[in-house]
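Per chain, numbering begins at 1; letters A, B, ... match sequence-line order.
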Protein chains: 2
Amino acid sequence: MDNPLTRKLQTYVRLTGADTDRLADALGPARRIGARIDIVAEGDDPRAVNVVLDGWAGRYKQFADGRRQIVSLLLPGDTCDPNIFLLERMDHAIIALTPVTLAQISGRTMQDLRSRSETLEEAFHREMLAVAAIQREWTVSLGRRSALERLAHLLCELHLRQATIGLADGPSCPMPLTQPDLADALGQTSVHINRTLQDLRRAGLVALRSRRLTLLDPDRLWSLAQFDPTYLHHTRDHAGAGVRPREADPAAARPAVRL
Amino acid sequence: MDNPLTRKLQTYVRLTGADTDRLADALGPARRIGARIDIVAEGDDPRAVNVVLDGWAGRYKQFADGRRQIVSLLLPGDTCDPNIFLLERMDHAIIALTPVTLAQISGRTMQDLRSRSETLEEAFHREMLAVAAIQREWTVSLGRRSALERLAHLLCELHLRQATIGLADGPSCPMPLTQPDLADALGQTSVHINRTLQDLRRAGLVALRSRRLTLLDPDRLWSLAQFDPTYLHHTRDHAGAGVRPREADPAAARPAVRL
DNA sequence: GGTCGGAACTAATCTGTGTTAGTCGCAAGA
DNA sequence: TCTTGCGACTAACACAGATTAGTTCCGACC
């Protein structure tokens, strides 16, 4: 009953006890997957919906010449798309970025769940909308944000997404991505990620060590990243977990923070 | 009955006459919107689902300092998300990139449509999956593709998406985007778009004038872009419309085409 | 407790793309 | 017909970030 998927969906709608029971029953047995192992390969026929219970995973596409782009991150409570079983072939792969615990929900069960509960149906729809919005925000980052803004924005997003499901401890939270992982997510090289991270540290905005992130000055970080959490579409209030900066100044034609 | 939305959904599932009739009835009266006008503004409460019947629109986000990123393109038959009415606030705006004809489906009607027909329900779900896949592919383009590959890839995508709904004429199709539009979609400047376009022309790969695109050498263009149409997830066969190159050589560790 | 491999970090150099500042052509309106 | 404005196009120069080639650090495993 207290699994991250339930907590996640609770941020969109108020689930009844019956809903959470059904959800818990729907989850298959937990599976452990080691770090750096593909959970799903490109070209697979996706038979079931995978739910991340613990650890981080990432969707990615890789070119023949080795270039790789991580296209989204799956944190605890995230699913590899509630409708994925409708497709015949995965167009991308999913890798465990840390050791990961997964549960599966079969396509059949998923359809049952949604047809039995309007609330769950709505929750999954909202979840899909939120995922789409995150993907759009990544597109914006890769297209128009500088290295510094891009990294700052991602760190804001990851902190908030974790705070929402109770995984943040005030201004700090897990951040198990390596610098090469960050590079593949942000469309850069690990060398440049390192430089940019140093800049953020030197500016006193974040601390990041032993896989743990602390937002030292959330206000200035949000402002630098022009981070507007609206896009995460959490309707019920969990956001920020004590780290909600005041409204950004809309008059600022440039990020308020420079380094 | 022969509207682009129907044609689009037909690429995913086989719709019955009853389905297409219901769809046609669901569409509200057509609305004309002039080029460069916002169809939906950021912050709006989305009451209904907009469907593009004619013309091109684009989702975008704009920063206070003027930087703009077009996050996706809406072609005829595309909807601004079948579930959008669940949200309270648009996190991005939608602009008419050409004069556009729209129809609306209210949230209520949309829910009716889907609850009355399993097939329509599945069609809309598949449509959402395809849209998500396109968004991921854009993320890959912005993150890891060079200017040349990026532009080539987008042109392939736009040609194929139009071919699918019967808007392409063999290897050529409408392409009403201006170079500044392309720049905002590809995360670049119009100056560089122009340079890159000249390169593609000089290589004899495409012709683009008076808002019309012709793929002069689709095989080499697909190969340059490493374009793999799987991600569009059209299960029924409309793709290519006579311009389907043979399978790309998976052994090629580098794009086969250089300039 | 050593060694091994990958992640963190640094520095020098290179380059793809941005910036700035134009010209030209064309289509819409006055 | 003349203007106006925007899109297509070009050139010179600047710079953010890539590339290459390391060294150091740390944790996992023998």
*What string of B, S and - do you get for nucleotides 3-17 of chain D, 5' to 3', when a contact is any protein heavy atom under 4.0 Å?*
----SSBBBB----B
*What heavy-atom pair brings A103(B) and L27(B) nearest, and what distance separates the two atoms?*
CB-CD2, 3.9 Å
*Starting at NZ of K61(A), measure out to CD of Q226(B) and round the result to the nearest 0.5 Å.*
11.0 Å
*For H153(B), which residues count as a ring pair (Phe, Tyr, Trp, His ring centres under 6.0 Å) partner, sequence neighbours excluded?*
F227(B), Y231(B)
What N/O pairs connect the protein and nucleotides 24-30 of chain D at under 3.5 Å? Give each pair on its own line.
none

*Do you see a donor-acceptor pair shorter than 3.5 Å between the side chains of T101(B) and R32(B)?*
yes
*To the nearest angstrom, how far is L182(B) atom CG from dT17(C) atom C1'?*
16 Å
*Rounded to whole angstroms, how far apart are CD on E149(B) and P on dT17(C)?*
9 Å
*Would you mind building the protein contact string for nucleotides 22-30 of chain C? One character per nucleotide, 5' to 3', B for base within reach (heavy atoms under 4.0 Å), S for sugar-phosphate only, - for untouched.*
---------
*Set of residues satisfying side chain to side chain donor-acceptor pair (under 3.5 Å) with respect to Q104(B), sequence neighbours excluded*: N50(B)
*Kindly state each residue pair satisfying salt bridge (Lys or Arg N to Asp or Glu O under 4.0 Å) with at least one member in residues 180-190 of chain A, sequence neighbours excluded.*
R36(A)-D181(A), R68(A)-D181(A), R68(A)-D184(A), D184(A)-R144(B)
*Considering residues at least two apart in sequence or located in another chain, which fulfil the side-chain contact (heavy atoms from CB on, under 4.5 Å) criterion with T189(A)?*
V191(A), H192(A)
_Partners passing side-chain contact (heavy atoms from CB on, under 4.5 Å) against D228(A) (at least two apart in sequence or in another chain)_ = T230(A)
*asked:* Distance alone, cut at 3.5 Å: any donor-acceptor contact between the side chains of Q69(A) and T139(B)?
replied: no
*Taking side-chain contact (heavy atoms from CB on, under 4.5 Å) as the test, write out the residues that go with A130(A), two or more places apart.*
Y12(A)
*How close or far is atom C1' of dA18(D) from atom CD of Q69(A), stated in whole angstroms?*
15 Å
*Between Q135(B) and W138(A), does any side-chain donor sit less than 3.5 Å from a side-chain acceptor?*
no
*Counterpart residues, salt bridge (Lys or Arg N to Asp or Glu O under 4.0 Å), relative to R209(A) (two or more places apart)*: none
*With sequence neighbours excluded, what pairs up with S146(A) under the side-chain contact (heavy atoms from CB on, under 4.5 Å) test?*
L148(A), E149(A)
_If you take any heavy atom closer than 4.0 Å to DNA chain D, which residues from residues 95-102 of chain B end up in contact?_
none
